[in-house]
Asks: 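The structure follows.
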Amino acid sequence: MDYENILVDREPPIAIITFNRPKVLNALNQAVMDELNAAIGELNADPTIGAIILTGAGQKAFVAGADISQFNELTSMSEAAEFARRGQAVLDRIERLSKPVIAAINGYALGGGCELAMACDIRVAADTARLGQPEINLGIIPGYGGTQRLPRLVGRGMAKYLVLSGEHISAEEARRIGLVEFVVPAAELMEFTRALARKLAAKPPIALRLAKRAINEGLEGNLARGLVYEADQFGTVFETEDRVEGINAFLEKRKPVWKGR
Ligand code: CO8
């Protein structure tokens with residue numbers, strides 16, 4: 001598929017999706033969301049790709065939020081709710097994707113941009129990045145999962161502070177509260193994130209998928225249910241050829257060769 005609002009670069013075993021509307025700080029409109037959804041589907045189906053990076057074009061922004069200019073086109077409560085649901089579905093798909101997705105946050109990650117980063121598995125931020133949920137200043141609230149994913153990452157109090165105040169925070173502050181995992185100098189962001197993506201792409205794919213799923217599912221229920229789920233996934237991964245290879249390779253003091261079976 002040809003894309004107009006994003007760039008998709010395949011560098012097997014990784015791929016990079018770049019939001020490419022720098023004039024509006026890579027704001028998300030429906031066309032961007034549709035293209036993102038299609039690209040995610042294509043890359044997930046591509047057996048040469050083991051991990052995906054999301055980033056923004058230009059120096060200034062990862063994604064500065066949903067495109068505010070389209071909000072006045074939403075004329076009813078049900079239209080606005082449907083709009084939010086459609087976006088949530090794309091972010092949900094990213095969170096549940098069988099391959100790891102890493103956000104390389106190269107600048108502003110605000111509103112829908114911060115929500116998008118939170119739907120990724122791991123977040124790496126440039127030291128110049130700024131993050132936040134400024135929707136309150138527009139008289140609205142986060143609609144792409146921000147009220148749900150933010151407290152799960154940073155805790156209730158800090159999530160309420162960010163959502164209710166609309167303040168932006170620095171990358172370093174975001175790391176301190178658990179909103180991003182790594183902060184690196186801006187010039188090293190893509191090199192660092194590519195290396196991380198390659199590291200994950202080199203892992204056995206079934207174990208990677210099941211581990212990701214066990215963490216996601218476990219966090220949505222209580223600990224007892226999560227442990228049952230983890231044990232089930234552990235049983236499934238034990239049936240794979242990669243498990244036999246991984247354990248034998250360790251015992252034979254050699255590097256494993258993963259087959260994805
Ligand atoms: N939407 C549309 N255009 C934008 C956006 C945006 N989110 N952000 C920036 N732009 C545009 C600006 O209008 C400007 O355009 P122009 O050059 O034509 O005037 C251009 O990008 C550059 O921006 P600025 O001149 O404002 O750049 P500054 O360096 O002065 O400021 C900021 C940078 C601080 C990032 C500033 O642009 C800003 O505050 N942007 C808005 C951030 C924001 O409020 N984001 C949240 C949006 S709401 C949201 O994301 C909800 C998600 C869930 C939706 C659920 C569906 C209902």
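Sequence positions, counted from 1, serve as the residue numbers for this chain. Bear in mind the structure is a predicted one, so any value in this text is a computation, not a measurement. Counting starts at 1 for both ligands and their atoms, following the listed order.
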Asks: If the cut-off is 4.0 Å to any non-hydrogen atom of Phe71, which atoms of ligand 1 fall inside it?
Replies: 48 (S)

Asks: Looking at atom 52 (C) of ligand 1, tell me if a protein heavy atom falls under 4.0 Å from it.
Replies: yes

Asks: Looking at every heavy atom in both Gly178 and Val154, which two are closest together, and how far apart are they?
Replies: C-CG1, 4.1 Å

Asks: Could you tell me which non-hydrogen atom of Ala171 sits nearest to which non-hydrogen atom of Val183, and how far apart they are?
Replies: O-CG2, 3.5 Å

Asks: Measure the spacing between CG of Leu223 and CD of Glu230 and express it to the nearest 0.5 Å.
Replies: 9.5 Å

Asks: For atom 8 (N) of ligand 1, decide whether some protein heavy-atom distance is shorter than 4.0 Å.
Replies: yes

Asks: Identify whether the distance between the nearest side-chain nitrogen and carboxylate oxygen of Arg213 and Glu95 falls below 4.0 Å.
Replies: no

Asks: Tell me which protein heavy atom sits closest to atom 23 (O) of ligand 1, plus the residue, atom name and distance to 0.1 Å.
Replies: Leu25 CD1, 3.7 Å

Asks: Side chains of Thr18 and Asn20 only: does a donor on one sit below 3.5 Å from an acceptor on the other?
Replies: no

Asks: Under 4.0 Å from atom 18 (O) of ligand 1, is there any protein heavy atom?
Replies: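 So far as the 4.0 Å threshold goes, atom 18 (O) of ligand 1 is out of reach of every protein heavy atom.
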
Asks: Is a side-chain donor or acceptor of Arg209 paired with a backbone partner of Ser98 at a separation under 3.5 angstrom?
Replies: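 Not at all, since once roles are kept as given, no pair shorter than 3.5 Å links the two residues.
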
Asks: Side-chain donor-acceptor pair under 3.5 Å between Asn37 and Arg93, yes or no?
Replies: yes

Asks: Just to verify, what does Arg152 make a salt bridge (Lys or Arg N to Asp or Glu O under 4.0 Å) with, not counting sequence neighbours?
Replies: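 Partners of Arg152 by the salt bridge (Lys or Arg N to Asp or Glu O under 4.0 Å) criterion, ordered by chain and then number, come out as Glu220.
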
Asks: Checking Asp121 side chain against Ile102 main chain: does a donor-acceptor pair fall under 3.5 Å?
Replies: no

Asks: Of all the non-hydrogen atoms in the protein, which one sits nearest to atom 57 (C) of ligand 1, and at what distance?
Replies: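 Looking only at protein heavy atoms, the one closest to atom 57 (C) of ligand 1 is Phe83 CD2, 3.6 Å.
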
Asks: Quick one: does Lys60 get within less than 4.0 Å of ligand 1, heavy atoms only?
Replies: yes

Asks: Check each atom of ligand 1 against the heavy atoms of Glu115 and keep those under 4.0 Å away; list them by number with element.
Replies: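 Listed by number with element, the hits are 52 (C), 53 (C).
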
Asks: Among Leu131, Val124, Val63, which residue meets the side-chain contact (heavy atoms from CB on, under 4.5 Å) test with Ile105?
Replies: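 Answer to the side-chain contact (heavy atoms from CB on, under 4.5 Å) test with Ile105 among Leu131, Val124, Val63: Leu131.
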
Asks: Between Thr240 and Asp242, do the side chains contain an N or O donor and an N or O acceptor separated by less than 3.5 Å?
Replies: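 No - no donor-acceptor pair under 3.5 Å links their side chains.
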
Asks: Have a look at ligand 1 and work out which part of Tyr144, if any, has a heavy atom under 4.0 Å from it: side chain, backbone, both or neither.
Replies: both

Asks: Taking only heavy atoms of Gly65 into account, list the atoms of ligand 1 that are under 4.0 Å away from them.
Replies: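 Heavy-atom distances to Gly65 below 4.0 Å select 50 (O).
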
Asks: Report the part of Lys23 in contact with ligand 1, treating N, CA, C, O as backbone and CB onward as side chain, heavy atoms under 4.0 Å; options are side chain, backbone, both, neither.
Replies: backbone

Asks: Less than 6.0 angstrom separating the ring centers of Phe192 and Phe182, yes or no?
Replies: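 Yes, ring centres under 6.0 Å apart.
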
Asks: For atom 1 (N) of ligand 1, what is the nearest protein heavy atom, given as residue, atom name and distance?
Replies: Ile68 N, 2.9 Å

Asks: Could you check whether any heavy atom of Pro134 sits closer than 4.0 Å to an atom of ligand 1, since that is the contact criterion I want to use?
Replies: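 Yes, Pro134 has heavy atoms under 4.0 Å from ligand 1.
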
Asks: Using a heavy-atom cut-off of under 4.0 Å, does the side chain or the backbone of Ala66 touch ligand 1, or both, or neither?
Replies: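 Near ligand 1, Ala66 shows its backbone as well as its side chain.
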
Asks: Considering heavy atoms of the protein only, find what lies nearest to atom 10 (N) of ligand 1 and give residue, atom and distance to 0.1 Å.
Replies: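 Looking only at protein heavy atoms, the one closest to atom 10 (N) of ligand 1 is Val24 O, 3.8 Å.
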
Asks: Under the 6.0 Å and 45° cation-pi test, does Arg243 pair with Phe238?
Replies: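 Judged by the rule, Arg243 and Phe238 form a cation-pi pair.
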
Asks: Which of the numbered atoms in ligand 1 are below 4.0 angstrom from a heavy atom of Gly111?
Replies: 46 (C), 50 (O)

Asks: How does Ala64 reach ligand 1, if at all, at less than 4.0 Å between non-hydrogen atoms: by side chain, backbone, both, or neither?
Replies: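 The part of Ala64 near ligand 1 is both the backbone and the side chain.
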
Asks: Which residue holds the protein heavy atom closest to atom 2 (C) of ligand 1, what is that atom called, and what is the gap in Å?
Replies: Asp67 OD1, 3.3 Å

Asks: Geometry only, no angles: is Leu110 polar-contacting ligand 1 at N/O separations under 3.5 Å?
Replies: no

Asks: Quick one: pull up OG in Ser170 and CZ in Arg176 and give me the separation to the nearest 0.5 Å.
Replies: 9.0 Å

Asks: Would you say atom 44 (O) of ligand 1 has a protein heavy atom nearer than 4.0 Å?
Replies: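 Neighbour list for atom 44 (O) of ligand 1 includes protein heavy atoms (cut-off 4.0 Å).
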
Asks: Does the protein put any heavy atom within less than 4.0 Å of atom 30 (O) of ligand 1?
Replies: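 No; the ligand atom in question lacks any protein heavy-atom contact below 4.0 Å.
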
Asks: Less than 3.5 Å between some nitrogen or oxygen of Gly112 and one of ligand 1, yes or no?
Replies: yes

Asks: We want to know whether Glu35 and Asn5 form a side-chain donor-acceptor pair, criterion being a heavy-atom distance below 3.5 angstrom.
Replies: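 Yes, because at least one side-chain N or O of Glu35 sits under 3.5 Å from a partner of the opposite role on Asn5.
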
Asks: For atom 48 (S) of ligand 1, is the nearest protein heavy atom closer than 4.0 Å?
Replies: yes

Asks: Give a yes or no on whether atom 26 (O) of ligand 1 lies under 4.0 Å from any heavy atom of the protein.
Replies: no

Asks: Under 4.0 Å, heavy atoms only, figure out whether ligand 1 is touched by the backbone of Leu138, its side chain, both or neither.
Replies: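 Under 4.0 Å from ligand 1, Leu138 contributes side-chain atoms alone.
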
